[in-house]
Amino acid sequence: MKKIIVISTSLRTGSNSDMLADQFIEGARAAGHEVEKISLAGKDIKFCKGCLACQKLGKCVIKDDVNDIMQKVLNADVVCWATPIYYYEMSGQMKTLIDR
Ligand SMILES: Cc1cc2nc3c(=O)[nH]c(=O)nc-3n(C[C@H](O)[C@H](O)[C@H](O)COP(=O)(O)O)c2cc1C
């Protein structure tokens, strides 16, 4: 049994990638895994400032929703991302979270 975090990054109601995330979750739970889903909709996620304080402290100094999300990521065995494709790439909100 693995602890899986699913991060769904689309902010769109009726999102296709969110629907795919839900299908993944259904399959993972049916296979006996523990799954928690986090949606970035409504989350406060500021841009990385590049201060590199995280390299000394092991966490980000910016106060928003990212440290709570990162705590869950650190406790997980598997992290699954669901993202819309925006201009041949991951969504900006996914990239902003990864930078943090
Ligand atoms: C700003 C923007 C850029 C997009 N760029 C691409 C793209 O490069 N390639 C593509 O196949 N679809 C692109 N799309 C379409 C989305 O990937 C598609 O609508 C997807 O279903 C959105 O994901 P969601 O339903 O989970 O929100 C773009 C949509 C938007 C709004």
Side-chain angles (χ1 to χ4, degrees):
M1 197 268 292
K2 300 249 186 233
K3 285 175 77 172
I4 303 174
I5 290 288
V6 175
I7 304 180
S8 181
T9 71
S10 178
L11 308 181
R12 201 172 70 82
T13 306
S15 150
N16 294 313
S17 57
D18 190 66
M19 216 180 309
L20 289 171
D22 286 340
Q23 291 299 306
F24 173 85
I25 290 167
E26 201 179 305
R29 285 190 178 137
H33 301 295
E34 184 188 313
V35 188
E36 184 177 352
K37 180 182 177 186
I38 299 171
S39 168
L40 297 193
K43 295 283 189 301
D44 178 21
I45 300 175
K46 297 188 171 66
F47 290 120
C48 172
K49 296 189 287 187
C51 68
L52 298 181
C54 54
Q55 292 193 355
K56 283 186 193 154
L57 304 173
K59 62 177 186 167
C60 184
V61 291
I62 300 172
K63 301 281 177 256
D64 59 9
D65 290 329
V66 169
N67 279 327
D68 280 352
I69 296 171
M70 283 314 299
Q71 208 48 54
K72 291 178 180 185
V73 165
L74 290 170
N75 288 330
D77 301 305
V78 175
V79 181
C80 169
W81 296 83
T83 183
I85 297 298
Y86 286 169
Y87 294 100
Y88 310 99
E89 256 288 2
M90 70 183 87
S91 61
Q93 50 274 24
M94 175 170 166
K95 178 66 166 66
T96 300
L97 180 57
I98 287 177
D99 287 351
R100 293 285 301 285

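Computed from a prediction, not measured in an experiment: that's the story for all the values here.
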Task: Flag side-chain contact, heavy atom, 4.5 Å: Gln93 against Tyr86 - done: yes
Open item on the list: Under 4.5 Å between side-chain heavy atoms, counting indirect links through other Ile/Leu/Val/Met/Phe/Trp/Tyr residues: same cluster for Ile38 and Met94 or not?
Closed with: yes
Open item on the list: Ignoring hydrogens and geometry beyond distance, is a side-chain donor-acceptor pair present between Asp18 and Ser10 at under 3.5 Å?
Closed with: no
Open item on the list: Do Ile62 and Val66 land in one hydrophobic cluster if side-chain heavy atoms of ILVMFWY residues count as linked below 4.5 Å?
Closed with: no
Task: Flag side-chain contact, heavy atom, 4.5 Å: Cys60 against Asn67 - done: yes
- [ ] Kindly indicate whether the side chain of Thr83, heavy atoms from C-beta on, has any atom under 4.5 Å from the side chain of Ser91.
- [x] yes
TODO: Check the hydrophobic clustering (I, L, V, M, F, W, Y; side-chain heavy atoms under 4.5 Å; chains of links allowed) and say if Ile45 and Ile98 are grouped together.
DONE: yes
Task: Ser17 OG to Asp22 CG distance, which is reported to the nearest 0.5 Å - done: 10.0 Å
- [ ] Carefully, step by step, assess Lys72 and Asp68 under the rule salt bridge (charged side-chain N to carboxylate O under 4.0 Å, His left out).
- [x] CA-CA 7 Å; Lys72 291 178 180 185; Asp68 280 352; over 6 Å; no
- [ ] Spell out, yes or no, whether Met70 and Val6 are grouped together once hydrophobic residues are joined by side-chain heavy atoms under 4.5 Å, including indirect joins.
- [x] no
TODO: For atom NZ of Lys43, decide whether the heavy atoms of other residues, nucleotides or ligands shown that lie under 6.0 angstrom number more than 12.
DONE: yes
Open item on the list: Tell me if the NZ atom of Lys46 is crowded by more than 12 foreign heavy atoms within 6.0 Å.
Closed with: yes
